[in-house]
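Below: the structure, in structure tokens.
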Amino acid sequence: MRFLAPYLLLFLLVGFSAPAENAYEVLVSEGGEKETYPLITLYQQVISRHDGPRCLFYPTCSEFCNQAFSQHGVFWGALMTLDRLFYRERPGSMKYYRLLDDEERYDDPVEHNYIFEKAGYYR
Amino acid sequence: MKVIVWILVVTITLIALPLRMECSDEGPEYGIYLFRQGKDELAIPELERTLYYHESAPDAPYLKLLLGLSYARSGQYGSALSLLSALVEELEDTPHGIRKEKLSCETTFHILNIYFRQKRFTDFYYGREQLALRCPELDTALASSVQYMSIAGHIYTFDWKAALGELEMSPLQSTDFLKEQIEPLVGYRSKSPVLGGILSIIPGLGHVYAGRFGDGIRSLLINIAFVSLSYFSFKEDMPALGAVFGVIEASLYAANIYGGVNAVNQENARFFIEKRESILKQIPVPPLDIITLRKELDF
């Protein structure tokens with residue numbers, strides 16, 4: 001079930017969700033710096049709260065998914081999230097990433113994962 | 001009665017005497033002392049106060065330099081830059097003597113130092129040309145520091161060729177250890193992300209090419225598992241389930257190719273960033289402190 005939870009989330013997300021918008025995001029912050037997807041919020045607040053924090057990276061996988069979708073669209077966002085969840089989210093991968101200052105998680109922001117902008121990898 | 005009279009006389013005398021018990025605010029010595037001690041939070045108000053009262057004193061430009069450096073050392077780079085730039089312009093307007101030239105050169109040098117610390121390399125390299133024009137006979141300590149900073153700037157921006165060119169042109173002594181480390185990076189052929197993507201047609205091979213064997217094996221196993229699930233679902237007359245597994249496998253396969261390219265890019269970046277860090281650790285950066293004017297400021 002643990003294995004399926006992020007997976008189901010992702011596919012539901014591709015099919016049915018749309019970024020939440022409100023007047024503040026549209027008018028004041030010009031579209032909003034951060035879009036939030038309702039299903040990711042649901043996952044973060046309901047499933048992840050009970051399941052406990054288990055992501056080895058920072059930003060966490062759900063937050064990474066959120067950022068990838070809002071910055072690079074559904075298609076590339078889904079690929080980036082799948083790549084992280086299925087192929088890299090394991091303790092053996094950690095040696096490739098920088099340990100953050102709190103010494104709990106490893107640094108893997110969205111900018112280090114977008115293959116069409118080389119400069120992002122050197123940030 | 002006599003005692004009372006004596007006490008009164010002494011008291012009145014003490015009150016009437018023009019004793020000056022407060023600290024003297026005549027000279028800048030205290031501000032310089034605080035700067036020298038590295039107590040910038042105290043040196044800044046002291047130097048500001050001295051400059052306010054003695055703006056046209058002969059030592060005012062030196063104090064401005066100290067104040068600018070104090071600002072910079074306490075992280076107020078903006079204030080430091082505006083003060084030091086104004087000082088350089090002010091020195092240009094005044095008739096030049098040897099002391100003024102020395103002061104102007106050191107001030108320009110510290111402006112460069114601040115640009116360097118702010119990672120404003122375009123401004124830094126432009127300022128370096130200005131410094132070369134303004135001070136053709138620059139002090140050796142300042143000149144070598146500028147050289148080191150410009151090399152470090154090229155390395156920071158991954159411009160290995162420019163860094164090596166700078167090293168070869170520079171008169172710096174004993175920089176062979178830097179050359180040895182930079183030379184292999186100039187023509188270094190990074191792994192190709194395109195090849196990583198092509199290799200990922202066989203799941204996991206792109207990750208292996210990038211050097212991530214664990215990720216590659218994981219990728220291969222996951223793909224084999226979903227292909228098998230889909231295949232056996234169709235074989236056992238469950239086409240709906242087979243289609244679901246097929247769709248999942250298709251997306252995982254696409255993500256595997258994406259991951260192959262991503263892994264190669266990440267490994268390339270990691271290699272260069274690690275090299276950069278190890279080289280930068282060996283390059284000295286001048287302190288935000290007086291270097292050539294110690295004698296003038298009685299350091």
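A note on names: the letters A, B, ... follow the listed sequences, proteins ahead of strands, and every chain is numbered from 1.
For A:Tyr58, the OH atom counts as loosely surrounded, since its 6.0 Å shell holds 12 or fewer non-hydrogen atoms of other residues, nucleotides or ligands.
In this structure, the side chains of A:Leu82 and B:Ser251 come closer than 4.5 Å at one or more pairs of heavy atoms. Using a 4.5 Å cut-off on side-chain heavy atoms (C-beta onward), A:Met80 and B:Asn262 make no contact.
Below 4.5 Å, heavy atoms of chain A meet heavy atoms from B:His207, B:Gly211, B:Arg212, B:Phe213, B:Gly214, B:Asp215, B:Arg218, all part of residues 202-218 of chain B. Residues of residues 263-280 of chain B lying within less than 4.5 angstrom of chain A, judged on heavy atoms, are B:Asn265, B:Gln266, B:Glu267, B:Asn268, B:Ala269, B:Arg270, B:Phe272, B:Ile273 in numerical order.
Of the two parts of A:Lys118, only the side chain, counted from C-beta on, holds a non-hydrogen atom closer than 4.5 Å to a non-hydrogen atom of chain B.
Screening residues 223-242 of chain B for side chain to side chain donor-acceptor pair (under 3.5 Å), with sequence neighbours left out, gives A:Tyr87-B:Asn223.
Under the ring pair (Phe, Tyr, Trp, His ring centres under 6.0 Å) criterion, B:Phe177 pairs with no residue, sequence neighbours left out.
The CD1 atom of B:Ile257 sits 11.5 Å away from atom CG of A:Asp83, with the distance rounded to the nearest 0.5 Å. Within the model, atoms CZ of A:Arg88 and OG of B:Ser219 stand 12.0 Å from one another, a figure rounded to the nearest 0.5 Å.
The candidate with the highest count of non-hydrogen atom pairs below 4.5 Å against chain B, out of A:Lys95, A:His112, A:Arg90, is A:Arg90.
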